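Ligands are counted one by one from 1 in listed order, and the atoms in each one are counted from 1 as well. Note that the coordinates shown come from a computational prediction; the quantities given were computed from them, not determined experimentally.
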Amino acid sequence: MSPDPTGDVKNIVIIGGGIIGCTTAFYLASHPRYASSSIDITLIEASKSGVAQGASGKAGGLVAKWAYPKELVNVSFSEHVRLAKEHNGEQRWGWRMVNCGSWEGRGESLESSGTSSGLGAVGRRKSLEKTLGLESTDGSSKDASSASSHPSDLNWIKPSLTDSYSPMAPFGATAQVHPYLFTTSMMDLAKEKGVKFVSGKATAINIDNSNVSSPHVTGVTYAPSNATSGSQTFPATHVILAAGAWSPSLVPSLPIAGTRAHSITIIPKEGTTIAPYVLFTEITLPPDLASESSTASPEIYARPMNEVYCCGPGDDSPVPDTVDEVEVDARACESIREHVASISTELREGTVGRRQACFLPVVSVGGGPIVGAAESVAKGLIIATGHTCWGICNAPGTAKAISELVMDGKIKCANLDKLRPSRFL
Ligand SMILES: Cc1cc2nc3c(=O)[nH]c(=O)nc-3n(C[C@H](O)[C@H](O)[C@H](O)COP(=O)(O)OP(=O)(O)OC[C@H]3O[C@@H](n4cnc5c(N)ncnc54)[C@H](O)[C@@H]3O)c2cc1C
Ligand SMILES: *[C@@H]1O[C@H](CO)[C@@H](O)[C@H](O)[C@H]1NC(C)=O
Ligand SMILES: *[C@@H]1O[C@H](CO)[C@@H](O)[C@H](O)[C@H]1NC(C)=O
Ligand SMILES: *[C@@H]1O[C@H](CO)[C@@H](O)[C@H](O)[C@H]1NC(C)=O
């Protein structure tokens with residue numbers, strides 16, 4: 001008889017209901033071996049509000065062929081296309097191709113409503129360092145108002161404020177999803193296939209060390225959300241750690257740190273159409289907004305469901321105990337609003353929907369994400385975290401790889417050697 005590679009796969013516990021955990025749950029439950037065996041899959045999420053409360057619900061949502069690392073992007077982009085096709089992603093999670101480029105220009109004063117009288121003075125302060133690096137011209141064109149490269153259909157930025165626009169990639173190489181809707185859809189689809197969802201905080205990954213040369217996972221201990229005290233334990237043959245910036249609280253040797261980032265959403269005034277562009281901006285701020293810095297670089301994402309998402313820079317605020325305790329600094333949100341309002345009447349006139357913050361899981365030693373079996377810690381322990389700024393894009397590739405690792409015994413869809421946990425632990 002041929003050996004059954006899933007012979008020892010009985011109970012899979014996924015820790016973390018971000019995009020990585022939820023998408024992995026869906027891919028595991030979609031694997032042909034899952035249907036024909038008695039494997040239990042449980043996903044445990046610490047937030048009292050369910051899945052996608054961290055970075056995965058509060059990200060921009062770009063899915064790009066030009067993202068990194070390439071070996072994950074190669075699998076992920078085509079998987080995103082397939083998932084959208086098979087599960088009506090256009091309606092369900094706002095899947096579409098989008099224009100994407102880097103935009104440089106000048107913000108207008110928010111104090112005077114007409115064309116700013118300070119424009120001339122501000123114009124002299126414009127910084128073109130990035131553009132000089134990108135383009136062969138020396139930036140000597142003073143006639144910024146000609147805005148020759150302002151795309152004709154970019155209808156929510158004043159052409160007269162544009163100094164330069166350059167596409168990141170040809171149309172078709174950049175798509176987007178609404179990350180909260182994508183993540184919750186993955187969880188819902190996983191549940192339909194039999195994955196169990198548990199609301200609780202994992203407090204320990206239990207490891208049997210009785211044979212020092214072959215430690216292996218035995219279960220996950222957790223504090224259920226609906227109980228005031230007491231902990232419970234799930235038995236596990238496989239534990240997938242996908243707890244984002246919180247991953248080191250369960251495996252302390254992981255070189256993962258959290259960077260906080262704020263974002264807002266803007267609902268445009270009724271009747272305003274916002275052309276599908278994602279802009280990486282470099283705004284020279286007008287004097288009334290330039291008290292802390294003379295420039296700002298918010299990312300602005302037009303979304304199909306009458307919403308524009310804008311995010312600001314990161315900060316070093318420490319990672320709190322759980323995602324529900326992440327603090328939102330109202331001033332950080334207001335400055336994002338002011339910065340985008342300074343280049344767009346349409347965004348200035350819109351209503352702010354969400355003001356939010358989240359922690360990006362960053363690999364502190366560079367590289368990453370960290371994806372694969374952590375056999376040096378324990379057999380059955382699998383790591384899937386540290387996706388930095390491309391976790392939305394790279395979730396399907398990660399999930400496919402992990403589902404193969406667990407169900408087939410090895411990753412087949414890509415060579416992910418560079419992401420192996422043993423390189424980082
Ligand atoms: C401002 C911003 C914009 C971004 N834009 C993009 C973009 O356009 N495209 C892109 O590809 N990526 C983007 N990203 C990156 C992306 O958001 C992340 O890489 C991705 O969301 C990480 O997903 P995750 O599942 O690893 O982590 P998270 O979303 O943080 O999920 C981890 C989950 O684990 C849970 N958890 C933690 N500890 C425990 C525990 N002990 N027990 C149970 N559950 C636990 C948490 O509550 C959380 O829900 C952006 C990020 C930010 C901050
Ligand atoms: C990704 O795909 C491209 C095109 O198919 C290929 O040229 C490249 O080698 C791949 N890169 C990796 C790291 O797999
Ligand atoms: C301990 O594990 C090693 C490696 O898997 C194995 O060769 C050995 O037989 C085990 N020892 C005992 C006492 O089970
Ligand atoms: C808590 O929820 C679990 C299911 O997630 C349920 O089995 C248990 O009875 C609940 N406990 C309480 C005290 O409500």
Part of [X] with heavy atoms under 4.0 Å of ligand 1, whether side chain, backbone, both or neither:
X: I15; answer: side chain
X: A242; answer: backbone
X: Y222; answer: neither
X: C311; answer: side chain
X: N394; answer: neither
X: W246; answer: side chain
X: I392; answer: both

What are the atoms of ligand 1, with element, lying closer than 4.0 Å to any heavy atom of [X]?
X: Y309; result: 1 (C), 2 (C), 3 (C)
X: K201; result: 41 (N), 42 (N)
X: G18; result: 25 (O), 29 (O), 31 (O), 33 (C)
X: G200; result: 43 (C)
X: L250; result: 41 (N)
X: I44; result: 43 (C), 44 (N)
X: L360; result: 15 (C), 50 (C), 51 (C), 52 (C), 53 (C)

Fit a plane to each ring of H80 and F182, take the angle between them on a 0 to 90° scale, and name the class: parallel (under 30°), tilted (30 to 60°) or perpendicular (over 60°).
tilted
Any idea how F26 and H87 line up, ring-wise: parallel (<30°), tilted (30 to 60°), or perpendicular (>60°)?
perpendicular
Look at the side chain of [X] and the backbone N and O of [Y], then say whether any donor-acceptor pair between them is shorter than 3.5 Å.
X: E404; Y: A401; result: no
X: R260; Y: E327; result: yes
X: S56; Y: I19; result: yes
X: D324; Y: S49; result: no
X: Q53; Y: V51; result: yes
X: R355; Y: C333; result: no
X: W246; Y: P320; result: yes
X: S263; Y: C311; result: no

Note down each nitrogen or oxygen pair, ligand 3 side and protein side, whose separation is under 3.5 Å; give only atom names and the distance to 0.1 Å.
{"residue": "ligand 3", "atom": "2 (O)", "partner": "N211", "partner atom": "OD1", "Å": "3.4"}
{"residue": "ligand 3", "atom": "2 (O)", "partner": "N211", "partner atom": "ND2", "Å": "2.4"}
{"residue": "ligand 3", "atom": "2 (O)", "partner": "S213", "partner atom": "OG", "Å": "3.3"}
{"residue": "ligand 3", "atom": "2 (O)", "partner": "S214", "partner atom": "OG", "Å": "3.2"}
{"residue": "ligand 3", "atom": "11 (N)", "partner": "N211", "partner atom": "ND2", "Å": "2.8"}
{"residue": "ligand 3", "atom": "14 (O)", "partner": "N211", "partner atom": "ND2", "Å": "3.4"}

Backbone or side chain, does any N or O of [X] fall under 3.5 Å from an N or O of ligand 1?
X: I20; value: yes
X: V323; value: no
X: I19; value: yes
X: F359; value: no
X: P361; value: no
X: A46; value: yes
X: E45; value: yes
X: Q53; value: no
X: C358; value: no

Note: R423-D417 ion pair, threshold 4.0 Å (strictly below):
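A salt bridge is absent here (no side-chain N lies under 4.0 Å from a carboxylate O).
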Taking only Lys NZ, Arg NE, NH1 and NH2, and the carboxylate oxygens of Asp or Glu, determine whether E79 and R82 approach each other closer than 4.0 Å.
yes
Between T322 and E325: side-chain donor-acceptor atoms closer than 3.5 Å
yes
Around atom CD of E292, are there more than 12 heavy atoms from other residues, nucleotides or ligands closer than 6.0 Å?
no
By salt bridge (Lys or Arg N to Asp or Glu O under 4.0 Å), which residues pair with D208, not counting sequence neighbours?
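Here no residue qualifies.
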Taking the six-membered ring where the residue is Trp, are the ring centres of H178 and Y309 under 6.0 Å apart?
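They do not qualify: ring centres at least 6.0 Å apart.
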Does a side-chain heavy-atom distance below 4.5 Å link P255 with I370?
yes
Tell me, which protein residue and heavy-atom name are nearest atom 9 (N) of ligand 1, and how many Å apart are they?
L62 O, 3.0 Å
Between ligand 1 and A245, can you find any atom pair, the residue atom being a heavy atom, that is separated by under 4.0 Å?
no
